[in-house]
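Notes follow the structure.
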Amino acid sequence: MRIVRAKDYQDMSEKAAHMIAEQIRRKPDCVLGLATGSTPEGIYEKLAEWYRAGKLDFARVTTVNLDEYKGLDRGNVHSYYHYMQEKLFARVNIRTDRTFVPDGMAQDSDRACREYDGIIAAAGGVDLQLLGLGHNGHIGFNEPGTDFEIQTHCVNLTESTVRANRRFFSSMEEVPGQAYTMGIGTIMQAAGIVMAVSGEDKAEILKTAVCGPVTTMVPASVLQLHRNVTIIADEAALSLVGNDGQAS
Ligand code: GLP
């Protein structure tokens, strides 16, 4: 596990965007696994900026997103599909038919999940997966207690996740209680993983995930078992992890 210490949110965003840009330059037809939430916003901002400046070309890139709320259609402003259009896809030259987000309105959940895994497999697997970190250690929407082997599936969100995501909605009742997410097994199949973390409120869970035991109760701790993981976090998020990668 490689830990990259960034000064602040801006620096973290730039460093993570650099890794993604490098991946695209190294392999122009790469498959990127993408995340949503507040953390990646600055990363997408940078990528769009570099595209506008002619430094980056998304023409042959494929993207697969980690997750989507169940019951929200693509036109819903709270859907992750909408988020991705707004933050990245509409701002770069990516082919819409090469961007994949789980379908929140799928009639047959199991089938939709198998099909999503099929899309990832048909694309040749994920070259670089971007992850954020939930306050309870979730990655994608894999909540504590989730089996490490599981592939794309439908989950019941924990109350803490619903509360954390309440800020994007106008009321608690509007936050969907279920979501589709790539499984931990799906995520671990990526050739490379970059997890971006920012802010003091993530310090405790980041320390637990990086320095604590590998346990399903802390989904992100599974990353300790992956051979190519980079954690890019700012000083605030890394305040409880020493330079040696140990708890401080
Ligand atoms: C959300 C998303 C995750 C994200 C995490 C952290 O629930 N499903 O993919 O990484 O929570 O979000 P944020 O970056 O807003 O703290």
Side-chain angles (χ1 to χ4, degrees), residues 6 8-10 12-13 15-17 20 32-46 63-72 76 78-84 86-88 100-104 113 116 126 128-146 150 152-169 172 174-184 186-188 190 193-206 208-210 218-223 229-234 236-238:
D8 50 21
Y9 179 77
Q10 196 53 35
M12 177 216 72
S13 302
K15 286 184 159 74
I20 296 172
L32 299 175
L34 298 180
T36 50
S38 304
T39 312
E41 288 188 17
I43 300 173
Y44 297 144
E45 189 69 50
K46 274 283 151 206
T63 63
V64 283
N65 261 78
L66 275 173
D67 45 17
E68 178 60 287
Y69 288 113
K70 186 173 182 181
L72 298 193
N76 190 306
H78 299 306
S79 71
Y80 286 162
Y81 181 87
H82 184 271
Y83 170 106
M84 289 309 304
E86 192 179 84
K87 310 287 181 206
L88 185 68
F100 299 94
V101 180
D103 177 8
C113 291
Y116 203 67
V126 172
L128 184 63
Q129 175 69 55
L130 174 63
L131 294 178
L133 176 65
H135 287 101
N136 61 2
H138 73 226
I139 46 176
F141 266 135
N142 292 284
E143 300 282 28
T146 306
I150 200 161
T152 301
H153 61 295
C154 183
V155 293
N156 294 323
L157 302 178
T158 62
E159 204 198 316
S160 79
T161 299
V162 171
R163 235 183 297 116
N165 290 348
R166 151 80 176 85
R167 67 189 194 280
F168 298 110
F169 295 80
M172 263 303 253
E174 265 187 60
V175 190
Q178 288 186 303
Y180 290 106
T181 183
M182 277 187 199
I184 294 177
T186 328
I187 292 169
M188 290 294 279
I193 295 177
V194 54
M195 184 163 83
V197 194
S198 167
E200 205 186 329
D201 56 317
K202 298 276 175 78
E204 192 65 46
I205 190 61
L206 182 59
T208 308
V210 171
V218 182
S221 67
V222 74
L223 300 177
V229 173
T230 304
I231 295 185
I232 304 183
D234 59 18
L238 277 171

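As the structure lists them, so they are numbered: ligands from 1, and atoms in each ligand from 1.
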* Under the 3.5 angstrom rule, does the side chain of Tyr116 hit a backbone N or O of Phe100 as a donor-acceptor pair? ->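 Yes; at least one donor-acceptor contact below 3.5 Å.
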Using a 4.0 Å cutoff against the non-hydrogen atoms of [X], which atoms of ligand 1 qualify?
X      : value
Lys202 : 13 (P), 16 (O)
Asn165 : 7 (O)
Phe141 : 7 (O), 8 (N)

* Asked: For ligand 1, is any non-hydrogen atom under 4.0 Å from Thr39's backbone (N, CA, C, O), its side chain (CB onward), both, or neither?
  ->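 Under 4.0 Å from ligand 1, Thr39 contributes backbone and side-chain atoms.
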* **ligand 1-proximal atoms of Tyr69, by part, heavy-atom distance under 4.0 Å** =>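 No part of Tyr69 comes within reach of ligand 1.
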* Evaluating non-hydrogen atoms only, which member of Ala196, Gly140, Ser38, Ala179 is closest to atom 3 (C) of ligand 1? ->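 Selected option, by shortest heavy-atom distance: Gly140.
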* **Selected option - heavy-atom contact closest to atom 8 (N) of ligand 1, from Asp67, Thr181, Asn65, Thr36** =>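 Minimum heavy-atom distance to atom 8 (N) of ligand 1 goes to Asp67.
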* Asked: Would His135 and Ser160 count as having a side-chain donor-acceptor pair, cut-off 3.5 Å?
  ->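 Short answer, no.
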* Is it true that Phe168 and Tyr69 have ring centroids separated by less than 6.0 Å? ->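 Not close enough - the centres of the two rings lie 6.0 Å or further apart.
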* Asked: To which protein heavy atom is atom 6 (C) of ligand 1 closest, and what is the distance rounded to 0.1 Å?
  ->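 So the nearest neighbour among protein heavy atoms is Leu133 O, 3.6 Å.
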* To do: Can you establish whether the number of heavy atoms outside Glu174 located under 6.0 Å from its atom CD is more than 12?
  =>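 Enclosed.
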* Contact with ligand 1 for Arg167, non-hydrogen, under 4.0 angstrom ->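 Contact present.
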